[in-house]
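To start, the structure itself, in C-alpha cells.
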Amino acid sequence: MTPITENELLDRAQSIAGLTFGELAAELRLSVPPDLKRDKGWVGMLIETALGAAAGSKAEQDFAHLGIELKTIPINAQGKPLETTFVSLAPLIQNSGIIWEHSHVRHKLSKVLWIPIEGERHIPLHERRIGAPILWQPSAEQERRLKQDWEELMDYIVLGQIDRINARLGEVLQLRPKGANSKALTKGIGKNGQIIDTLPLGFYLRKEFTGEILQQFLAQR
DNA sequence: ATTTGATCATAG
DNA sequence: CTATGATCAAAT
C-alpha cells in the first residue's frame, strides 16, 4: 500500500512515531535481529516497509511520484546524529559535463522525509524507538553549501586526482569508500587521464549538517 | 570521544 | 559490479 499523497505519507509516518522496532516488526511479521552488525540496513528496510516504499527498488527516490526520498537517521539521547548519512555513489568516470543541477546528490536531497531513530548501542535493538518524521527541503543557503562541496569534490574526480581524495574534504558533504570492502574496485580517472582501478566512493552528509536539519525542525515545534 | 576508512546483506 | 539500505570499528 503505497501512499498516494504527501499527506498520506506524513500521516503514516506520524502513526508509527513512538513505536519500538519490536512493536513495528511484530505488526509487519518481521523478525528483529540481535543487533545491526550483520544487518546494517535493517532499520531502513523496516521503515520503508511500514511506509509502503517499494522494497529494493532501484528508483531514484523512494516515493518517486511524490518526489520524496526516505532516510532514517540514528540519534542519541540529545537528539544528535550518531552517523553520517549516505547519499549516493559518486560517478568516477564518464562524468565530464555533469553539473550540480543534474546530479544525483541534488536530486536525492531535493526533498527528504527524515525518520529519526534511537541509535545508541546500549539500547537493545527491539526496544529502540521511532521518532517523529521531518519533511525537509534544503534552504537556499543549505543548497549553496552542498553545491560548493559537490563541485569541489567532483573536480578532484574529473581531474584525475582521486588519489588525493579523503574524508577530510568538504564542509557538509564528504567522499568516503562505499563498497563491500577495501578490495572492491571500480573504474576511475588516473593522473594522466587514463582509466584506473580504484575504490568506489560515496557522498555522505556530515553529522553537523544533518544535526542542523533536526534542530531546525525541533526549534519550530 | 570523534572521525575516517572499512565493512555487511541483498537484489538485479 | 552497481545500487539499495546503512553502521562498524580502527585510527586519531
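Chain letters run A, B, ... following the sequence lines, proteins first and then strands; every chain starts at 1.
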Item checked: Summary of side chain to side chain donor-acceptor pair (under 3.5 Å) pairs that have at least one residue in residues 119-129 of chain A, sequence neighbours excluded -> A/Glu120-A/His122

Next item on the list: Please give the angle, rounded to 10 degrees, between the axes at the start and the end of the helix from B/dA1-C/dT12 to B/dG12-C/dC1, where five pairs define each axis.
Entry: 30°

Check: Which residues in residues 43-51 of chain A have at least one heavy atom lying under 4.0 Å from any atom of DNA chain C?
Finding: A/Gly44, A/Glu48

Next item on the list: Specify the separation, in whole Å, of atom CZ of A/Phe203 and atom C1' of C/dT2.
Entry: 16 Å

Next item on the list: Only pairs at least two apart or in different chains count here, so list each salt bridge (Lys or Arg N to Asp or Glu O under 4.0 Å) that has a residue in residues 187-209 of chain A.
Entry: A/Asp163-A/Lys191, A/Lys187-A/Asp197

Check: With sequence neighbours left out, what residues match A/Arg12 under side chain to side chain contact (heavy atoms under 4.5 Å, CB included)?
Finding: A/Met1, A/Pro3, A/Glu8, A/Ser15, A/Leu51

Item checked: Selection: residues 78-90 of chain A, any non-hydrogen atom under 4.0 Å of DNA chain C -> A/Glu83, A/Thr84, A/Phe86, A/Leu89

Next item on the list: Send over the distance from A/Tyr204 OH to C/dT4 P, rounded to a whole Å.
Entry: 12 Å

Next item on the list: Using a cut-off of strictly less than 4.0 Å, decide whether A/Arg121 has a side-chain nitrogen or oxygen near OP1 or OP2 of C/dT7.
Entry: no

Item checked: Which residues share a side chain to side chain contact (heavy atoms under 4.5 Å, CB included) with A/Glu141, sequence neighbours left out -> A/Ser139, A/Arg144, A/Arg145

Margin query: The criterion is side chain to side chain contact (heavy atoms under 4.5 Å, CB included); which residues satisfy it with A/Ser103, sequence neighbours excluded?
Written below: A/Trp100, A/Val105, A/Arg106, A/Trp150

Next item on the list: Give the first and the last nucleotide of DNA chain B, reading 5' to 3', that has any atom under 4.0 Å from a heavy atom of chain A.
Entry: B/dT3 to B/dA9

Item checked: Atom CD of A/Gln94 with >12 non-hydrogen neighbours under 6.0 angstrom -> no

Checklist line | Residue met sooner reading DNA chain B from 5', once A/Arg38 and A/Lys207 are mapped to nucleotides | finding: A/Lys207

Next item on the list: Can you sort out the partners of A/Arg164 under side chain to side chain contact (heavy atoms under 4.5 Å, CB included), two or more places apart, ordered by chain and number?
Entry: A/Tyr156, A/Gln161

Between the protein and nucleotides 10-12 of chain C, list the N/O to N/O atom pairs that are separated by less than 3.5 angstrom.
none

Notebook entry, point to check: Can you list, by residue number, the residues of residues 25-37 of chain A that have a non-hydrogen atom closer than 4.0 angstrom to DNA chain C?
Noted result: A/Leu36, A/Lys37

